[in-house]
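Residue numbers start at 1 and run along the sequence shown. Computed over heavy atoms, backbone and side chain alike; hydrogens, waters and symmetry mates excluded.
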Amino acid sequence: MSDRIRVKLSGGPDWIPIPAVWEVESPETEPNVKILCGNAYEHFDFSGCYSLYGGEQLPIYRWRRRTYVAEQVHPVILEGKFHD
């Protein structure tokens, strides 16, 4: 197993406690990062850029979007049609 590398996370809403640095196997094998924050996932993508952070040259992953954790929904059949 290879060593994981540190990456710099950039962007996202200010009110979400997202860490400044995250670990991935490599930008090539993990070009996307998904971090669980409460009831949502924050998605970051490798930008292709690097930045000096804490004396290290780190790949930059930029915030792309948020998706929410889905609740288990059981469809109900009414009048022969599916309804959520």
Can you hop from [X] to [Y] via hydrophobic side chains spaced under 4.5 Å?
X	Y	value
I5	Y50	yes
Y53	V24	no
F46	I35	yes
W15	L9	yes
W22	I16	yes

Worksheet entry | Contacts of Y41 that satisfy ring-ring contact (aromatic ring centres under 6.0 Å, His included) - sequence neighbours left out | none
Discussion item. I need the minimum non-hydrogen distance between A40 and V69, along with the two atoms involved.
Written reply: N-CG2, 4.1 Å
Item to complete: Scan side-chain atoms only and decide if S47 and R62 contain a donor-acceptor pair under the 3.5 Å cut-off.
Response: yes
Worksheet item: Just wondering, do R4 and S26 contact through their side chains at under 4.5 Å, heavy atoms?
Response: no
Practice prompt. Using modelled atom types only, decide if a donor and an acceptor are shared between the side chain of E42 and the backbone of R66 within a distance under 3.5 Å.
Written response: no
[atom1] of [X] to [atom2] of [Y]: how many Å apart, nearest 0.5 Å?
X	Y	atom1	atom2	value
C49	I60	SG	CD1	5.5 Å
H43	K34	NE2	NZ	6.0 Å
F44	E30	CZ	CD	14.0 Å
D3	E23	CG	CD	9.5 Å
D45	N32	CG	CG	4.5 Å

Worksheet entry | Counterpart residues, salt bridge (charged side-chain N to carboxylate O under 4.0 Å, His left out), relative to E56 (two or more places apart) | R6
